[in-house]
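Only a predicted model underlies this, so the values are computations on that prediction, with no experimental measurement involved.
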Amino acid sequence: MTEQPLDPIEQHHYDTITERLGVNRLKAEEAAARGEEAPEPAPAASAPATAPDPAAVRDAVTRQAALGALLDDVKKAYNDARRDAHDLLERQYKATGTTKTDATLPGGVKVGSISRQGGERAAEVTDEEALRVWVRDTFPSEHVVKVIPARVEVGVQPGFLAKLLAEATAAGVARYVDEGTGEVHDVPGVEIRPSRAAVHRLTYSRGSKASPLSGRELVAEAWRARQLPAHVLPILAPAEPTAPPAEDTPAA
């Protein structure tokens, strides 16, 4: 297959690149002969920067400023609502055992639900000295005595402590079973306490054939229809239109 000849413009570019490569190679050889490092090739000239449209810059900055101010109000209102909901749901759970509550719009349309996820409980040391003395008397090999200049430190082997707490957490009571003898010990200085508080998880409804809009979309639609602002975010609620004053009609 024969190569196609270059047109004049392509030939000019080819000759220019070849010439620059040759010059750079000669400079590198001369520098090497003098024991110097080869000079870096000059960077190609870049096109001058073009300033953006001032109106576009102003609009972008204004949009960021406006949304930032609105976002601060929304975040504060959301955190307040989340705290209030958590407190009320916890009181409801303690009184009735309810773990799931629907979120509905003023008209009764369901947009989602909040489910309670129970916290966890784990064994933790509440009295280090009582635990240390018990370990010293019951499992002497797991008792640690460290002699440090000017002082002596005593404690429980970290590996044994971790094993003891894990077993107590699994059992749900502060007890430990001696693997060698099978004896069950009540462990002093250890209690089962909440390690993670209960949380409430909010999920939005998904769209379906009967109701194509999702819970989020239903909320947005209700907001645009002014069904929610005064209830959920009064600080950003639009002012209600006022009716013009009635005109006096002259008596017949």
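- A salt bridge does not link Arg224 to Glu221: none of the charged nitrogens lies less than 4.0 Å from a carboxylate oxygen.
- Glu90 is listed as a side-chain neighbour of Arg116, based on a closest heavy-atom distance under 4.5 Å.
- The two residues Lys110 and Thr104 have their closest heavy-atom pair at CA-CG2, 4.0 Å.
- Within the model, atoms OG1 of Thr138 and CZ of Arg136 stand 9.5 Å from one another, a figure rounded to the nearest 0.5 Å.
- Using a 4.5 Å heavy-atom cutoff, the side chains of Val125 and Leu161 are in contact.
- Here the side chain of Glu142 pairs no donor or acceptor atom with the backbone of Val135 at under 3.5 angstrom.
- For the pair Phe160/His143, no side-chain contact is recorded, criterion being any heavy-atom separation below 4.5 Å from C-beta on.
- A continuous path of ILVMFWY side-chain contacts below 4.5 Å connects Val219 to Leu213, so both sit in one hydrophobic cluster.
- Criterion: ILVMFWY side-chain heavy atoms under 4.5 Å apart, direct or through other members. Under it, Leu70 and Leu228 are part of a common hydrophobic cluster.
- Between the OG atom in Ser113 and the NZ atom in Lys100 there is a gap of 4.0 Å [rounded to 0.5 Å].
- Enclosure of atom CD in Gln64 is not indicated, since only 12 or fewer non-hydrogen atoms of other residues, nucleotides or ligands lie within 6.0 angstrom.
- Considering only heavy atoms from C-beta on, Leu233 comes within 4.5 Å of Val74 through its side chain.
- The side-chain heavy atoms of Ser115 and Thr99, taken from C-beta on, include no pair separated by under 4.5 Å.
- Note: the hydrophobic cluster containing Leu202 also contains Leu89 (ILVMFWY, side chain heavy atoms under 4.5 Å, direct or indirect links).
- Hydrophobic clustering, with ILVMFWY side chains joined whenever heavy atoms are under 4.5 angstrom apart, keeps Val187 apart from Val173.
- At a threshold of 4.5 Å between side-chain heavy atoms, the hydrophobic network of Ile, Leu, Val, Met, Phe, Trp and Tyr places Ile114 and Leu218 in two separate groups.
- In this structure, the separation between OH on Tyr93 and OG1 on Thr101 is 12.5 Å, given to the nearest 0.5 Å.
- The distance from the CZ atom of Arg175 to the CD1 atom of Ile192 is 11.0 Å, given to the nearest 0.5 Å.
- Counting heavy atoms from C-beta outward, Phe139 and His185 have side chains that approach closer than 4.5 Å.
- Taking all atoms of both residues into account, the shortest heavy-atom contact from Pro188 to Ala130 is CG-O, 3.8 Å.
- In terms of heavy atoms, Thr169 sits closest to Ala123 at OG1-N, 2.8 Å.
- To the nearest 0.5 Å, atoms NZ (Lys146) and CZ (Arg151) are separated by 9.5 Å.
- A salt bridge does not link Arg83 with Asp87: every distance from a Lys NZ or Arg NE/NH1/NH2 to an Asp or Glu carboxylate oxygen is 4.0 Å or more.
- Salt bridge absent: Asp72 and Lys75 never bring a charged side-chain N and a carboxylate O closer than 4.0 Å.
- Under the 4.5 Å side-chain criterion, counting only non-hydrogen atoms from C-beta, Arg193 is in contact with Thr126.
- Minimum heavy-atom separation, Ala174 to Ala168: CA-CB, 4.2 Å.
- A 4.5 Å side-chain heavy-atom check between Trp223 and Val232 finds at least one atom pair inside the cut-off.
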